[in-house]
Amino acid sequence: MRFVLASQSPARLGVLKAAGIEPVVRVSGVDEDAVIAGLPNASPEQVVTALAEAKARTVVGDLERVEDAVVVGCDSMLRFDGQLVGKPGTPEVAKARWLKMAGGEGTLLTGHAVLRVRHGVIADSAIAAEKTVVRFASPTVAEIDAYIATGEPLQVAGAFTLDSLGGWFVDGIDGDPSSVIGISLPLTRRLLSAIGVSVTDLWRSTK
Ligand SMILES: Nc1nc2c(ncn2[C@@H]2O[C@H](COP(=O)(O)OP(=O)(O)OP(=O)(O)O)[C@@H](O)[C@H]2O)c(=O)[nH]1
C-alpha cells in the first residue's frame, strides 16, 4: 500500500519516518487563503480540517495507476488571544505575537484528512482535528529577537516549534506532542483504522 503525504512539511515527514512510515511526498500547493475565505463562519476545527481535506484531495488525481493508497493531508494553526493564526509571515508579526504569547498559553490545532484511494478514486475518508494546549515560557525581548533572527518562527504555525529552537520557550503542553509538530500519530492511527488500515501493517510496507 502506498502512503502519500500531501505536505511539504519536513516536520510532518520526519514524524512519520521516525514512526516507521516511508511516505511518498506530494505537495498539494493548495491556496490556503482561498479555502479560508470560503469558510467565513467556520470554527477553528472546521478551518484546519477543511484545509487538511483540501490538501489531501488535491493530490488524489496523481494516483490513477496506484491500486491502493492512503493519502494524508494536515493543517496546523494556533488559537491564541481569540484569534486563529498560521505562520507569522514577517519578523514584525512574529515579534508582536511572541510579545503577547510570552507567559501565556494557546491551543495548537492540527486538522487531519486520511483518504483511502484506489486507482485515483476516493473509496473512504476519515477527517478530524487534534488540539494541544501549549504553555509558553517568558523569554526576554532579547531572546525573542534572537529567536526571530534565526528565521525559524517564520516557517511554522504559531511562530514556535516544540522540537527545535522554539523548545527553549515552551514550558509545557497538555495533549499530543506529535500534533504540535505537525501530525498526530495517535489520531492518525485512529483515522487509518476508520478506513480499514492498520498502522502496524504500514510499518512493513515499502513506498
Ligand atoms: N518542527 C516543527 N514544525 C512545526 C511545529 N509547529 C508547527 N510546525 C510546522 O508549521 C507548519 C504549519 O503550516 P501548514 O500550513 O500546516 O503546513 P505547511 O508547512 O505549509 O505545508 P503543507 O502541508 O504543504 O501546507 C507545518 O510545516 C508544521 O510542521 C513544531 O512544533 N515543530
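These numbers were taken from a predicted model, which means no experiment stands behind them.
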- Message: As an exercise, state the distance from CD1 of I183 to CG of L16, rounded to the nearest 0.5 Å.
- Response: 4.0 Å

- R57-S125 side chain donor-acceptor pair, cut-off 3.5 Å: no

- Item | Of V114, L115, V117, the residue whose pairing with I195 passes side chain to side chain contact (heavy atoms under 4.5 Å, CB included) | V114

- Smallest heavy-atom separation, A52 atom then G73 atom, equals CB-O, 3.4 Å

- Task: Give a yes or no answer on whether the side chain of T110 reaches the backbone of S179 with a donor-acceptor pair at less than 3.5 Å.
- Result: yes

- Item | Nearest heavy atoms of C74 and R12, plus distance in Å | CB-NE, 3.2 Å

- Taking W98 for the side chain and V141 for the main chain, is one N or O donor matched with an acceptor at less than 3.5 Å? no

- Message: Return the CG to CZ distance between L84 and R79, rounded to the nearest 0.5 Å.
- Response: 8.0 Å

- Quick one: pull up NZ in K55 and CD in Q8 and give me the separation to the nearest 0.5 Å. 8.5 Å

- Message: Would the distance check show the side chain of S178 and the main-chain N or O of L185 forming a donor-acceptor pair, the cut-off being under 3.5 Å?
- Response: yes

- Message: For a quick test of reading the model, state the closest non-hydrogen atom pair linking P139 to I144 and the distance between them.
- Response: CG-CG1, 3.7 Å

- Item | Side-chain donor or acceptor of E152 paired with backbone N/O of G166 under 3.5 Å | yes

- Query: Side chain of H119, backbone of E64: donor and acceptor closer than 3.5 Å?
  - Reply: yes

- Give a yes or no on whether the backbone of L191 and the side-chain of H112 come within a donor-acceptor separation of less than 3.5 Å. no

- Query: Same cluster or not: are I181 and V25 linked, directly or through other Ile, Leu, Val, Met, Phe, Trp or Tyr residues, by side-chain heavy atoms under 4.5 angstrom apart?
  - Reply: yes

- Any donor-acceptor pair under 3.5 Å from R135 side chain to D171 backbone: no

- Query: Cluster question for you: counting only ILVMFWY and a side-chain heavy-atom cut-off of under 4.5 Å, with indirect links fine, are V35 and I127 together?
  - Reply: no

- is_close_aromatic(F169, Y147), centroid dist under 6.0 Å: yes

- Check I148, V93, V156 against P88 for a side chain to side chain contact (heavy atoms under 4.5 Å, CB included) and give me the one that passes. V93

- Item | Distance (rounded to the nearest 0.5 Å) between L192 CG and L187 CG | 9.5 Å

- Under the side-chain contact (heavy atoms from CB on, under 4.5 Å) criterion, do R97 and V85 qualify, and how do the steps go? CA-CA 10 Å; R97 282 198 199 157; V85 295; 3.5 Å; yes

- Item | Least distance between heavy atoms, M101 atom then G158 atom | CE-O, 3.4 Å

- Message: To the nearest 0.5 Å, what is the distance between CG on L108 and NZ on K131?
- Response: 12.5 Å

- Item | Heavy-atom closest pair, residues A37 and P40 | O-CD, 3.9 Å

- Task: Rounded to the nearest 0.5 Å, what's the gap from CG on D176 to CG on D174? Could you check?
- Result: 12.0 Å

- Tell me whether V121 is reachable from F3 by hopping between hydrophobic residues (I, L, V, M, F, W, Y) whose side-chain heavy atoms are closer than 4.5 Å. no

- Query: Quick one: does S193's side chain have a donor or acceptor within less than 3.5 Å of a partner on R189's backbone?
  - Reply: no

- Query: Are L78 and V133 joined in one hydrophobic group, where the rule is that I, L, V, M, F, W and Y side chains link up if heavy atoms are under 4.5 Å apart?
  - Reply: no

- Task: Search all heavy atoms of Q46 against all heavy atoms of L39 and return the closest pair with its distance.
- Result: O-CD1, 4.5 Å

- Transitively linked via ILVMFWY side-chain contacts under 4.5 Å: L154 with W168? no

- Just jot down the side chain to side chain donor-acceptor pair (under 3.5 Å) partners of K95, sequence neighbours excluded, or say none. D145

